[in-house]
2 protein chains.
Amino acid sequence: MAPLRQHIEEIAPLTDAEFDQVQSFFTLKKVRKHQYLVNEGDEVKYEYLVLSGIYRVFYVDDQGKEYIVQFAKAGWWMSDYEAFFKQGKASMFIECLVAGEVFYATLDAREQLSKELHQMEHFFRVKLTNGYVAQQQRIKLLLSSTPQQRYEAFARLYPDLLQQVPKKLIAEYLGVSRETLSRLYAG
Amino acid sequence: MAPLRQHIEEIAPLTDAEFDQVQSFFTLKKVRKHQYLVNEGDEVKYEYLVLSGIYRVFYVDDQGKEYIVQFAKAGWWMSDYEAFFKQGKASMFIECLVAGEVFYATLDAREQLSKELHQMEHFFRVKLTNGYVAQQQRIKLLLSSTPQQRYEAFARLYPDLLQQVPKKLIAEYLGVSRETLSRLYAG
DNA sequence: ATTATCGTGTGATTTGGATCACACGGTTTT
DNA sequence: AAAACCGTGTGATCCAAATCACACGATAAT
């Protein structure tokens, strides 16, 4: 649980007693490659904090095409957040691409911890603030940029993922076809 | 200031004393049509809570094309949030489309109120949660949908804006050309 | 060892939407 | 009242990226 504490304390310092309380809401889980943490149609009981490994949060349209909403690596949170927050059914899948470990916790954990510990509400607010800004940048990119620019932005932001993730999946994240993406760094 | 109180208390009840404290950070401002609240390059000192009127948050690319990141109407918050949170220069404009009034406050206000009043930190967390989910839906739409589907989703979500805002601007929000949008409901 | 499957590159063809161009009625301006 | 501008529709053309198709080496499966 030490990494959990460190992760939180980068934003919100906690006493030992407080961290014990936090800790009690989180469970550690090992995840194998190709394992799914969430499937479309599931109740989304948990959100996940990645300790290690790589994951993709994606959905599938009626024609079977896949679109990646989020990658996740160490230190990132992930879930089908729409379903998680509204406690509805998943419209997305979460798949493990590289084996690793995650912490998971319920919405109740988030809400109770936020209520009982002002520090934890602060922590979640700061995380959401960062996530909000990151998503807004993504929206701007999707609205106005060429495949070229999207690829460059991705390479700048996530050089590590560029190495570890098949290009096909990067294309699914960028909203570009596999072939077009391939031609970007060839030409 | 009554509408401000009501707006906050939908999420986080406050005592009179607490609200006084909150209130002291907000200022009311009348806004005329075509008035700009933020210009590209500005220091973004404020975020805005809309009381009335309609506003657009947009940016302009190197070719002069405009893209709308957000519309805002009564009860919505707006700013160039990336610049606001990071206290950097604006990359966007905020323009008033229909005259009205806004409250505004600084980042300091948000941070201090969050620190001093657990309730306010809760309020902001809930707002960010909703904003995060809404943005994620937008990302999904931009990634996978046709102009047709985007238009339909917009019409479903914001039937009022569809009436009050020129189609050209709706096209800029959807990431579609004016002409294509026009042909959607003709065909 | 041989056969699938996966990741990737690359050519040929198609196509949806952007762009360009113009029309026309409704406001606002002078 | 004439002139300029705005919002909107619509036809013609163009083009960037999707789609279709195939190749080929590398990894995984039988």
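Just so we're on the same page: letters track the sequence lines, and every chain starts at 1.
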For each nucleotide in nucleotides 19-30 of chain D, reading 5' to 3', give B when a protein heavy atom comes within less than 4.0 Å of its base, S when such contact involves only the sugar-phosphate, and - otherwise. BBB---------
Which distance, rounded to the nearest 0.5 Å, do you find between the CZ of B:Phe124 and the CZ of B:Arg110? 4.5 Å
Sidechain N-carboxylate O distance under 4.0 Å for B:Lys89, B:Glu43: yes
Applying the salt bridge (Lys or Arg N to Asp or Glu O under 4.0 Å) test to B:Glu95, which of B:Lys33, B:Arg32, B:Arg56 qualifies? B:Arg56
Measure CD/B:Glu172 against P/C:dG17 and give the value in whole Å, please. 18 Å
Are B:Tyr67 and B:Tyr59 close enough that their ring centers fall under 6.0 Å? yes
With a cut-off of less than 4.0 Å, is there a side-chain N or O of A:Tyr185 near OP1 or OP2 of C:dT8? no
note: A:Leu143, atom CG; C:dG17, atom C1'; distance rounded to Å ~ 16 Å
Quick one: do A:Asp16 and A:Arg5 make a salt bridge, cutoff under 4.0 Å? yes
Roughly how far apart are B:Gln137 CD and A:Gln135 CD, rounded to 0.5 Å? 10.0 Å
Between A:Gln21 and A:Glu116, is any side-chain donor less than 3.5 angstrom from a side-chain acceptor? yes
Which of residues 151-167 of chain B sit near DNA chain D, with a heavy atom under 4.0 Å from it? B:Pro166, B:Lys167
What is the distance, rounded to the nearest whole Å, between atom CG of A:Leu97 and atom C1' of C:dG7? 14 Å
Distance flag, aromatic centroids of A:Tyr158 and A:Phe71, threshold under 6.0 Å: no
Specify the separation, in whole Å, of atom OH of A:Tyr67 and atom C1' of D:dA18. 11 Å
Using whole Å, what does the distance between atom C1' of nucleotide C:dT8 and atom CG of A:Leu169 come to? 13 Å
Are more than 12 heavy atoms, taken from residues, nucleotides or ligands other than B:Lys140, located less than 6.0 Å from that residue's NZ atom? yes
Measure the distance from CD on A:Glu66 to P on C:dC6 and round it to the nearest whole Å. 12 Å
Whole angstrom is fine here: how far is it from CZ in B:Arg150 over to P in C:dG16? 15 Å
Spacing between B:Leu181 atom CG and C:dG17 atom C1', to the nearest angstrom: 12 Å
